[in-house]
Amino acid sequence: MLETILTIAIGLIGGIAVGTQAPIAGAMGARVGGAASSLIVHLGGTLASLLLLLTRGGEQIGQWRSLPWYMLGCGAFGLVLYLTLTHTIPRLGAGTAVTLVIVGQLLAALLIDHFGAFDIAVKQIDASRVVAAVLLLTGAFLMVR
């Protein structure tokens, strides 16, 4: 039970981080441009990741050559996210922009789970997941309108 609570807390912290990072990225993108703000953010993330990796003894970084091509290129999604945020936040506001990102994440996650893409355990779309998605989408609609 404690592990579940901790995992939920970590998930919420990640959501808070994304929700806080998004308006900062939007404001930065308005000042320096989307690609420039993405570079600045990713350089900061690279330095933070390097420090964490060093404190963890390098983990299994030497195995990077065995990763599938799509894993090596997934950083490009960060650029897509930042260009999306720098476009939507100044026009729609942080709440609406983050809501749209969350809806996109929900749709992608449902499909990834359903098909077991990227070595993820299969979790079929069933009636309860459809109801949950509809409720989330309804909330997103109310947020965006």
request  = Could you check T138 against V134 for side-chain contact (heavy atoms from CB on, under 4.5 Å), going step by step and ending with a plain yes or no?
outcome  = CA-CA 6 Å; T138 301; V134 167; 4.0 Å; yes
What donor-acceptor contacts under 3.5 angstrom involve side-chain atoms of residues 59-70, with partners at least two apart or in another chain?
{"unit_1": "E59", "atom_1": "OE2", "unit_2": "R56", "atom_2": "NH1", "d": "2.9"}
{"unit_1": "S66", "atom_1": "OG", "unit_2": "Q63", "atom_2": "O", "d": "2.7"}

May I have the list of side-chain donor-acceptor pairs in residues 104-118 shorter than 3.5 Å, sequence neighbours left out?
{"unit_1": "D113", "atom_1": "OD2", "unit_2": "R129", "atom_2": "NH2", "d": "3.0"}
{"unit_1": "H114", "atom_1": "ND1", "unit_2": "Q124", "atom_2": "OE1", "d": "3.2"}
{"unit_1": "H114", "atom_1": "ND1", "unit_2": "I125", "atom_2": "N", "d": "3.0"}

request  = Using the ring-ring contact (aromatic ring centres under 6.0 Å, His included) rule, collect all pairs that involve residues 126-145, keeping only residues at least two apart or in two chains.
outcome  = none
Run through the side-chain heavy atoms of Ile, Leu, Val, Met, Phe, Trp and Tyr, join any pair under 4.5 Å, and report what else lands in [X]'s cluster.
X	answer
M143	none
L43	L39
L81	L85, I89, V101
L50	L54

key: Residues forming a side chain to side chain donor-acceptor pair (under 3.5 Å) with S38, sequence neighbours excluded   =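 H42.
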task = Tell me, please, which residues at least two apart from S128 pass side chain to side chain donor-acceptor pair (under 3.5 Å).
result =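 S128 satisfies side chain to side chain donor-acceptor pair (under 3.5 Å) with D126 only.
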ask   = What heavy-atom pair brings T99 and G95 nearest, and what distance separates the two atoms?
value =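 Where T99 meets G95 most closely, the heavy atoms are OG1-O, 2.6 Å.
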Tabulate below the donor-acceptor pairs under 3.5 Å that side-chain atoms of residues 7-31 make, not counting sequence neighbours, or state none.
{"unit_1": "T7", "atom_1": "OG1", "unit_2": "E3", "atom_2": "O", "d": "2.8"}
{"unit_1": "T20", "atom_1": "OG1", "unit_2": "I16", "atom_2": "O", "d": "2.8"}
{"unit_1": "Q21", "atom_1": "OE1", "unit_2": "Y82", "atom_2": "OH", "d": "3.3"}
{"unit_1": "Q21", "atom_1": "NE2", "unit_2": "Y82", "atom_2": "OH", "d": "2.5"}

inquiry  = Going by salt bridge (Lys or Arg N to Asp or Glu O under 4.0 Å), name the pairs with one or both residues in residues 79-92, residues two or more places apart or in two chains.
reply    =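 Sorted result for residues 79-92: empty, none.
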request  = Quick one: list whatever passes side-chain contact (heavy atoms from CB on, under 4.5 Å) with T96, sequence neighbours left out.
outcome  =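 Once residues adjacent in sequence are excluded, the partners of T96 under the side-chain contact (heavy atoms from CB on, under 4.5 Å) criterion are L92, L100, V144.
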